[in-house]
Amino acid sequence: AQKVTQAQTEISVVEKEDVTLDCVYETRDTTYYLFWYKQPPSGELVFLIRRNSFDEQNEISGRYSWNFQKSTSSFNFTITASQVVDSAVYFCALSEPFLSGGYNKLIFGAGTRLAVHP
Amino acid sequence: DGGITQSPKYLFRKEGQNVTLSCEQNLNHDAMYWYRQDPGQGLRLIYYSQIVNDFQKGDIAEGYSVSREKKESFPLTVTSAQKNPTAFYLCASKERGDTGELFFGEGSRLTVL
């Protein structure tokens, strides 16, 4: 069965600190996609990144970076020089294989609540 | 602006009552989803629909019902059979055949009194 584990329930940092959010996944599929979403206090989930299982290159987008390692089934997310606006709940998700019709559904981790203090 | 609109944002219900949560999208997406969010448990899939007049149960469909009469609308009914309905409900949509991301609404918080 597919599963996503985010072992860190809550993280608290002071502004400008770097912080890494861990994500470990389980799947028997050879083709899959991994995602990170941000959920600010407003409630809406905001897409951050998608990575397919054949692309292990790390990615950097501004202060955000992602480290994908198939050998350890991990897809960790690092925020550099954190800011108060980064305070949110962050979810890691894994796509199941395509259903009939070409759609897939996402399996979410429990989320990590990040609090960045001034 | 394109997006997903959920209503109401907050809803209170007495035990034994059915309640319907609205989800409307103007993104022209074929697929729509309902997720339930509980503290410490992430998001769990209730129902999904890939096309009008068709929908499938997700992982926790018991006590819920849906309909998909129009492409842009996917309402969720929380019935009295749902034993623990207090939760945050999120609707999402996605393009057909796309491996891309889900687009989410802002959610509806249901509290059973």
Side-chain angles (χ1 to χ4, degrees), chain A residues 1-10 21-26 29 31-55 61 66 88-113, chain B residues 1 3-10 21 23 25 27 29-61 87-110:
Chain A
Q2 288 161 314
K3 184 180 178 182
V4 176
T5 301
Q6 295 180 254
Q8 303 150 307
T9 305
E10 293 189 28
L21 310 181
D22 297 333
C23 174
V24 174
Y25 63 93
E26 296 175 27
D29 300 311
T31 302
Y32 51 89
Y33 290 81
L34 294 162
F35 299 79
W36 275 95
Y37 281 85
K38 174 182 180 180
Q39 186 179 39
S42 62
E44 179 180 355
L45 267 74
V46 177
F47 167 77
L48 296 178
I49 190 172
R50 175 188 67 199
R51 171 69 70 218
N52 76 55
S53 53
F54 297 107
D55 182 3
S61 176
W66 291 270
V89 180
Y90 291 86
F91 290 97
C92 181
L94 167 71
S95 69
E96 282 199 347
F98 281 95
L99 309 165
S100 60
Y103 298 93
N104 60 319
K105 64 176 183 177
L106 300 188
I107 307 295
F108 284 85
T112 298
R113 182 177 298 277
Chain B
D1 287 334
I4 299 178
T5 302
Q6 290 187 240
S7 62
K9 199 169 179 65
Y10 299 96
L21 307 180
C23 177
Q25 55 102 355
L27 300 167
H29 287 169
D30 285 308
M32 296 187 74
Y33 305 76
W34 273 104
Y35 282 89
R36 170 179 170 142
Q37 183 178 8
D38 294 284
Q41 293 192 48
L43 278 70
R44 294 180 290 168
L45 183 64
I46 304 173
Y47 268 98
Y48 62 97
S49 168
Q50 300 180 58
I51 198 167
V52 174
N53 293 324
D54 183 61
F55 48 83
Q56 287 80 39
K57 294 181 179 180
D59 301 317
I60 56 166
F88 188 56
Y89 292 89
L90 283 156
C91 179
S93 70
K94 187 171 168 298
E95 290 180 349
R96 181 182 181 84
D98 184 16
T99 57
E101 73 273 22
L102 296 177
F103 290 80
F104 283 86
E106 289 194 345
S108 294
R109 187 168 298 279
L110 172 63

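Heavy atoms only: backbone and side chains are in, while hydrogens, waters and symmetry mates are out. Predicted, not measured: the structure shown is a model, and the values here were computed from it. Numbers restart at 1 for each chain; the letters A, B, ... are given by sequence-line order, proteins then strands.
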Side chain of S49(B), backbone of D54(B): donor and acceptor closer than 3.5 Å?
-> yes

Under 4.5 Å from a heavy atom of chain A, the part of Q37(B) involved | side chain

Part of L43(B) within contact of chain A (heavy atom distance under 4.5 Å) | both

Please state whether the rings of F47(A) and Y37(A) are parallel, tilted or perpendicular, taking 30° and 60° as the class boundaries.
-> perpendicular

Taking salt bridge (charged side-chain N to carboxylate O under 4.0 Å, His left out) as the test, write out the residues that go with E26(A), two or more places apart.
-> none

Contact class of Y35(B) relative to chain A, heavy atoms under 4.5 angstrom | side chain

Under 3.5 Å, side chain of Q6(A) to main-chain N/O of G111(A), donor-acceptor pair present?
-> yes

Can you say whether Q39(A) sits under 4.5 Å from chain B via the side chain, the backbone, both, or neither, judging by heavy atoms?
-> side chain

